[in-house]
Amino acid sequence: MDGIEIIKYSGEGFRAVMEFERWKVGIFNSAPRWQADQITYVQKHNKSDEAFVLLKGHCTLYISTEETPTRLTAFPMEPELVYNIRKGVWHTHVLEDDTTVVVVENSDTVPENSPKLPLPHPLCEALTGIPNP
């Protein structure tokens with residue numbers, strides 16, 4: 001029908017499902033990669049904020065405002081709230097099974113302006129509860 005576009009994504013992991021001018025909408029679905037014991041890095045976006053909305057399930061956002069993270073603060077997401085990670089803030093997320101999260105960010109958010117930092121042993125342990133191999 002003209003005037004509306006209805007988009008569904010049911011695969012594993014992340015996929016950008018829509019872009020419009022300077023922003024894009026993505027969907028994160030549960031995937032083994034996003035389980036707590038699989039998280040190996042944090043990232044930040046140097047050019048834009050990134051907003052998250054929990055649709056279903058359980059997701060925890062982890063952030064650090066330190067230049068070089070030495071600890072992460074956990075934010076268990078609640079449905080119907082918007083969690084905006086500010087530009088330049090290190091972050092990662094853990095999705096439990098049967099979880100879906102909507103992500104909104106600038107359309108030019110790409111690996112070249114979104115550095116990743118491997119989780120050192122203490123952060124890995126704090127995040128997952130198990131030592132980093």
Measuring from [X]:[atom1] to [Y]:[atom2], what's the distance to the nearest 0.5 Å?
X	Y	atom1	atom2	answer
Ile85	Lys44	CD1	NZ	14.0 Å
Leu72	Trp90	CG	CH2	11.0 Å
Glu80	Leu55	CD	CG	10.0 Å
Phe28	Tyr9	CZ	OH	9.5 Å
Thr92	Leu61	OG1	CG	9.0 Å
Lys47	Arg22	NZ	CZ	7.5 Å

Tell me, please, which residues at least two apart from Asp49 pass side chain to side chain donor-acceptor pair (under 3.5 Å).
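For Asp49, the residues satisfying side chain to side chain donor-acceptor pair (under 3.5 Å) (neighbours in sequence not counted) are Asn84, Arg86.
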Do side-chain atoms of [X] reach the backbone of [Y] as a donor and acceptor pair under 3.5 angstrom?
X	Y	value
Lys24	Thr109	yes
Asn113	Asp108	yes
Tyr83	Glu78	yes

I want to check something: taking the side chain as every heavy atom from C-beta on, are [X] and [Y] in contact at a cut-off of under 4.5 Å?
X	Y	result
Val82	Val104	no
His93	Met77	no
Leu117	Pro69	yes
Glu50	Val89	no
Lys116	Gln43	yes

When Lys56 is tested against each of Thr99, Asp98, Thr100 for side-chain hydrogen bond (donor to acceptor under 3.5 Å, both in side chains), which residue passes?
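When Thr99, Asp98, Thr100 are each tested with Lys56, the side-chain hydrogen bond (donor to acceptor under 3.5 Å, both in side chains) holds only for Asp98.
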Would you name the heavy atoms of [X] and [Y] that are closest together and state the gap between them?
X	Y	value
Leu95	Cys59	CD1-SG, 3.9 Å
Tyr62	Ala74	CE2-CB, 3.5 Å
Ser48	Glu105	OG-CB, 4.5 Å
Ala36	Val94	N-CG1, 3.5 Å
Val110	Ser114	O-OG, 3.0 Å

Could you check Asn29 against Glu12 for side-chain contact (heavy atoms from CB on, under 4.5 Å), going step by step and ending with a plain yes or no?
CA-CA 5 Å; Asn29 287 320; Glu12 288 187 345; 5.8 Å; no
